[in-house]
Amino acid sequence: MPGDPYALAREAMVEHQILARGVRDERVLAAMRGVPRHLFVPPGYERAAYDDMPLPIGSGQTISQPYIVAQMTALLEPGPRDRVLEIGAGSGYQAAILSLLCERVITIERLPEVAEVARANLARVGASNVEVHVADGTLGWPASAPYAGILVTAATPVVPEPLLAQLSDGGRLVAPVGGREIQELVRVRRQGDRLVQEPAGAVRFVPLIGEHGW
Ligand code: SAH
């Protein structure tokens, strides 16, 4: 965006935090360059928006570290015609990244006040192909299933069964699975009736709270 005071900070973020750690997917890199992350952090935090860390967004929740957003997005392999489900809208930043890469994004947030912030942030950047719903995301969002991609952005003890049921054939699910303190990022790919799971490194997320979470 012309006149964006954070354009250089954003380019440095992509180069030093994301490219340098091995995310090479050009579409993902373009999306990380394209979304003004400083519009998704609380007022007063703009200068820290491009730092290599998660930041608080209120209500005890966080916006994930830029690299983790890029890594999870690359693992999801979002396609231009895909319908994608995100669990944990938070600031709306991850949904804004996905909105540039897919046809339609449905994001679920448990806390109404957080969902309001996500909606406002997404409207501000003109992400018109994103819907924010207030619900228990561990149940998925059956009304628009199946999904080519499902991204869980809160820590869960197991992958919620309803989400696996809402994954299309060939679809990918990415989630932090494990304990309260530390989790393993996993990608599950549906191949017909088979679910193929791969690990992708250790991460740390706030808990997924719901019927099929904590
Ligand atoms: N993706 C967000 C960060 C998410 S932080 C971003 O880009 O900013 C995790 C979010 O998941 C929090 O906002 C939390 O309230 C939400 N959450 C926790 N349990 C949930 C559930 N069962 N369903 C939907 N959202 C949930």
Side-chain angles (χ1 to χ4, degrees), residues 13 18 28 31-32 34-42 45-46 48-51 53-76 78 84-102 105-125 127 130-144 147 149-163 166 173-178 180-181 183 185 203-214:
M13 169 191 87
I18 297 172
V28 174
M32 298 299 295
V35 176
R37 182 171 161 97
H38 60 280
L39 299 182
F40 290 84
V41 299
Y45 281 89
E46 291 87 351
Y50 297 95
D51 290 354
M53 56 171 82
L55 290 172
I57 56 169
S59 308
Q61 307 305 325
T62 54
I63 175 173
S64 304
Q65 181 187 4
Y67 168 68
I68 295 296
V69 173
Q71 184 195 18
M72 290 179 86
T73 306
L75 285 168
L76 196 69
V84 161
L85 177 68
E86 180 194 24
I87 311 304
S91 68
Y93 177 68
Q94 173 75 70
I97 296 288
L98 292 172
S99 79
L100 298 180
L101 298 168
C102 321
V105 181
I106 292 145
T107 182
I108 313 295
E109 173 56 51
R110 176 181 157 257
L111 301 173
E113 69 274 19
V114 174
E116 265 322 302
V117 172
R119 282 195 190 106
N121 290 344
L122 287 160
R124 201 142 64 122
V125 300
V130 183
E131 295 160 36
V132 182
H133 299 283
V134 176
D136 175 4
T138 69
L139 302 171
W141 190 255
S144 302
Y147 302 96
I150 301 180
L151 191 52
V152 183
T153 66
T156 182
V158 291
V159 177
E161 198 57 48
L163 299 184
Q166 291 170 36
L173 175 147
V174 176
V177 180
R180 281 256 184 185
E181 292 303 319
Q183 307 90 35
L185 207 51
V203 286
R204 210 187 149 87
F205 277 82
V206 298
L208 181 74
I209 297 166
E211 197 174 322
H212 298 266
W214 287 105

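Start at 1 and go down the list; that is how both ligands and their atoms are numbered.
- With hydrogens and angles ignored, the 3.5 Å screen pairs a side-chain donor or acceptor of Asp136 with a backbone N or O of Thr138.
- The backbone N or O of Pro54 sits nowhere less than 3.5 Å from a side-chain atom of Ser64 that would complete a donor-acceptor pair.
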Apply side-chain contact (heavy atoms from CB on, under 4.5 Å) to residues Leu101 and Leu76 and explain how you reach the verdict. CA-CA 11 Å; Leu101 298 168; Leu76 196 69; over 6 Å; no
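- Pairs of residues two or more places apart, or lying in two chains, that qualify as side-chain hydrogen bond (donor to acceptor under 3.5 Å, both in side chains) and include a residue from residues 113-124 are Ser59-Glu113, Glu116-Arg119.
- Taking the six-membered ring where the residue is Trp, Tyr93 and Phe40 present perpendicular rings, their angle passing 60° and hence far from 30°.
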Ligand 1: protein N/O within less than 3.5 Å of ligand N/O:
| residue | atom | partner | partner atom | Å |
| --- | --- | --- | --- | --- |
| ligand 1 | 1 (N) | Glu86 | OE2 | 2.9 |
| ligand 1 | 1 (N) | Gly88 | O | 2.9 |
| ligand 1 | 1 (N) | Thr153 | OG1 | 3.1 |
| ligand 1 | 7 (O) | Gln94 | N | 3.0 |
| ligand 1 | 8 (O) | Ser91 | N | 3.0 |
| ligand 1 | 8 (O) | Ser91 | OG | 2.6 |
| ligand 1 | 13 (O) | Glu109 | OE1 | 2.8 |
| ligand 1 | 13 (O) | Glu109 | OE2 | 3.3 |
| ligand 1 | 15 (O) | Glu109 | OE2 | 2.6 |
| ligand 1 | 19 (N) | Ile209 | N | 3.0 |
| ligand 1 | 22 (N) | Asp136 | OD1 | 3.0 |
| ligand 1 | 22 (N) | Ile209 | O | 2.8 |
| ligand 1 | 23 (N) | Gly137 | N | 2.8 |
| ligand 1 | 25 (N) | Arg110 | N | 3.2 |

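- You'll find the side chain of Val117 stays beyond 4.5 Å of the side chain of Ile57, heavy atoms only.
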